[in-house]
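Down below is the structure, laid out as structure tokens.
Basis for what follows: all heavy atoms, side chains included, without hydrogens, waters or symmetry-related copies. Naming convention: chains lettered A, B, ... in sequence-line order (proteins, then strands); numbering from 1 in each chain.
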2 protein chains.
Amino acid sequence: MQPGQSVQLPEGAKARRVYLSLRDQISDGRLPDGENLPGEQRLAASFGVSRVTVRRALDALSDAGLIEKRAGSGTKVRAQNMAGKAAAMDFNTLMPQLVEMGHSTTARLLSFSYSQAPDFVAQAMGLAAGEKVQIATRVRITDDIPFSHLTTYVPAEIAQSYSEDDLATTPLFKLLERSGVQIEEAHQSVSATLAGPDVAEALDVAVGSALLSLKRVVRDVDGNGVEYLSGLYRPDMFRLEMPLSRVGQGSARHWEPAIGQMDEASG
Amino acid sequence: MQPGQSVQLPEGAKARRVYLSLRDQISDGRLPDGENLPGEQRLAASFGVSRVTVRRALDALSDAGLIEKRAGSGTKVRAQNMAGKAAAMDFNTLMPQLVEMGHSTTARLLSFSYSQAPDFVAQAMGLAAGEKVQIATRVRITDDIPFSHLTTYVPAEIAQSYSEDDLATTPLFKLLERSGVQIEEAHQSVSATLAGPDVAEALDVAVGSALLSLKRVVRDVDGNGVEYLSGLYRPDMFRLEMPLSRVGQGSARHWEPAIGQMDEASG
DNA sequence: CCATCTTGTATTATTTATAATACATGTATT
DNA sequence: AATACATGTATTATAAATAATACAAGATGG
């Protein structure tokens with residue numbers, strides 16, 4: 001029961017475009033609370049579509065609870081802060097940290113198998129082509145709302161030291177270090193992508209929604225790749241927070257991440 | 001001339017879904033080079049659409065140069081590594097750094113005005129409601145390809161110390177510090193969003209494309225907000241790279257950003 | 001050479017989205 | 001009360017996407 005998927009979503013292009021655009025503007029804060037929305041005619045003109053199309057987009061927004069339409073008065077935004085922004089990435093543990101109390105996170109294992117490492121994984125981890133890896137896909141859920149879709153690749157030898165059940169309950173980091181792996185460095189790359197049919201269903205969002213994409217390669221002290229993570233996060237449920245401080249003097253003045261200072265109330 | 005906008009994009013829902021899904025799989029590396037693509041009939045069955053629809057998606061991919069169709073042989077992926085990934089965020093300067101040689105970046109000023117700070121900006125910067133700010137929107141371009149769409153909010157008093165022309169040429173950081181502003185800390189929040197009609201045109205991408213979204217609040221030594229940045233980045237042209245190292249011992253073991261070690265060949 | 005795969009091309013019908021209108025009704029302002 | 005503007009509703013026509021089908025032509029392997 002989240003925006004997007006739940007009700008009948010206007011599958012067609014234009015209405016969908018209007019819907020998604022307005023939805024993002026609302027959750028962004030660009031459209032604040034109150035009676036802000038322009039009239040349907042005005043919106044139609046602004047988007048270059050007919051009023052019927054705008055209407056369908058607004059109906060979907062209304063069904064999603066993001067706006068409130070009153071008969072002759074107008075349409076006002078019900079920002080409700082998306083009831084989310086519940087999680088943020090913590091630099092100390094590289095794990096999502098729930099900033100609100102009472103929110104627990106559970107994981108659901110979607111698939112689990114051993115097979116040859118895809119080329120891009122093998123290349124990123126520095127494995128031999130065709131080396132066997134464990135491939136696991138799981139979804140993390142908080143308050144019945146899924147917020148991340150994670151696929152991990154771990155060399156088969158290392159992965160044998162923990163079980164399938166371990167994966168569903170324990171963070172992969174802990175499992176690896178428990179197995180005696182000496183984790184030394186990691187490299188993360190953050191980007192954005194669109195939700196495909198499969199991921200959209202798992203994350204309970206509309207196909208074509210924007211997702212935060214994170215790829216992480218973890219290496220041990222010998223420089224061998226021990227984990228490749230490909231994660232997709234719902235932007236309304238997850239953000240990457242980066243506190244930074246300006247240090248140094250003169251020409252050496254530069255930015256440094258201010259770690260260990262995660263603002264608890266930053267959500 | 002980049003994927004998405006350039007040619008005739010299949011506006012309709014189904015064909016677009018197939019197109020975007022395949023495009024992401026290609027740029028992700030999930031579909032590697034060679035003659036990998038299943039036949040059109042197989043794709044049609046797999047996506048649950050007709051062959052005509054798959055066909056249009058493939059035509060668009062072909063126009064974008066991502067695949068190569070041969071008459072009776074099949075369709076092979078031309079990964080070409082998106083010819084991009086040219087820029088990455090540098091932690092030291094908080095500015096995009098071009099990792100390939102010979103690429104220069106220019107800026108185009110889209111709009112420039114002084115007006116009241118929007119609520120969410122005033123709140124984030126800690127300004128009085130309705131305080132006047134300078135609002136500037138500009139697009140950064142490298143090799144004729146736009147890769148970022150930036151909107152900055154600067155308190156009017158501070159903004160008066162530099163000109164409109166300065167903005168088009170000099171990074172805002174330099175302008176601020178030149179004005180005697182004592183920059184102390186910043187907070188960045190990274191997420192993802194969809195390209196609206198306006199941004200899509202400016203960045204030469206299709207409406208509804210995924211964009212990396214970055215919001216940054218910069219404060220001076222007194223804790224006053226001096227800059228609010230809302231940036232949208234093309235994921236095929238820009239990534240946020242984060243090298244990390246595992247430090248500390250025992251229970252104090254944690255991650256720390258490995259700054260100043262940006263891998264030049266990381267793109 | 002032949003069987004069988006592939007992409008290329010064409011036709012047709014169905015479904016759906018969209019647009020253009022008109023009018024009724026609720027709300028608020030003057 | 002009158003006016004203006006908002007949403008609610010309905011109708012009709014146009015445009016577009018999609019599906020289903022058939023067949024031609026190139027490529028490949030036996």
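Going from atom CD of B:Glu68 over to atom C1' of C:dT6 covers 15 Å, rounded to whole Å. C:dG8 atom P lies 13 Å from atom CG of B:Leu43, rounded to whole Å. Rounded to an integer number of Å, the gap from A:Lys76 NZ to D:dT7 P is 13 Å. Atom CD in A:Glu40 sits about 16 Å away from atom P in C:dG26, given to the nearest Å. In this structure, B:Leu58 atom CG and C:dG8 atom P are separated by 9 Å, rounded to whole Å. Rounded to an integer number of Å, the gap from CD1 of A:Ile67 to C1' of D:dT7 is 11 Å. Atom CD in A:Gln41 sits about 12 Å away from atom C1' in D:dA4, given to the nearest Å. Rounded to whole angstrom, the span from the CG atom of B:Asp59 across to the P atom of C:dT7 amounts to 11 Å.
Scanning both residues, B:Ala64 and B:Tyr19, for their nearest heavy atoms gives CB-OH, 4.3 Å.
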Do any side-chain atoms of residues 69-77 of chain B form donor-acceptor pairs under 3.5 angstrom with protein atoms, and if so which ones, sequence neighbours left out?
from, atom 1, to, atom 2, distance (Å)
B:Lys69, NZ, B:Glu40, OE2, 3.4
B:Arg70, NH2, B:Ser73, OG, 2.8

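The aromatic rings of A:Tyr153 and A:Phe120 stand perpendicular to each other, their planes meeting at an angle above 60°, with 30° marking the opposite boundary.
Residues passing the side chain to side chain contact (heavy atoms under 4.5 Å, CB included) test with A:Thr152 are A:Ala136, A:Arg138, A:Leu172, A:Glu227, A:Leu229, sequence neighbours excluded. For B:Glu131, there are no salt bridge (Lys or Arg N to Asp or Glu O under 4.0 Å) partners at least two apart in sequence or on another chain. For B:Ala124, the side chain to side chain contact (heavy atoms under 4.5 Å, CB included) partners are B:Val217, B:Tyr228, not counting sequence neighbours. Annotation: salt bridge (Lys or Arg N to Asp or Glu O under 4.0 Å) contacts of B:Glu157 (sequence neighbours excluded): none.
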Exercise for the section: Any chance you could list the contact pattern along nucleotides 19-30 of chain D? Use B for base contacts, S for sugar-phosphate-only contacts and - for none, protein heavy atoms under 4.0 Å, 5' to 3'. Expected result: BB-B---BSS--
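In this structure, A:Lys69 does not reach the D:dA6 phosphate: none of its side-chain N or O atoms is under 4.0 Å from OP1 or OP2. Applying the 4.0 Å criterion to OP1 and OP2 of C:dT9, one finds that B:Arg55 has every side-chain N and O outside that range.
Each of C:dT6, D:dT18, D:dT7 was ranked by its minimum atom distance to the side chain of B:Arg42; first place goes to C:dT6.
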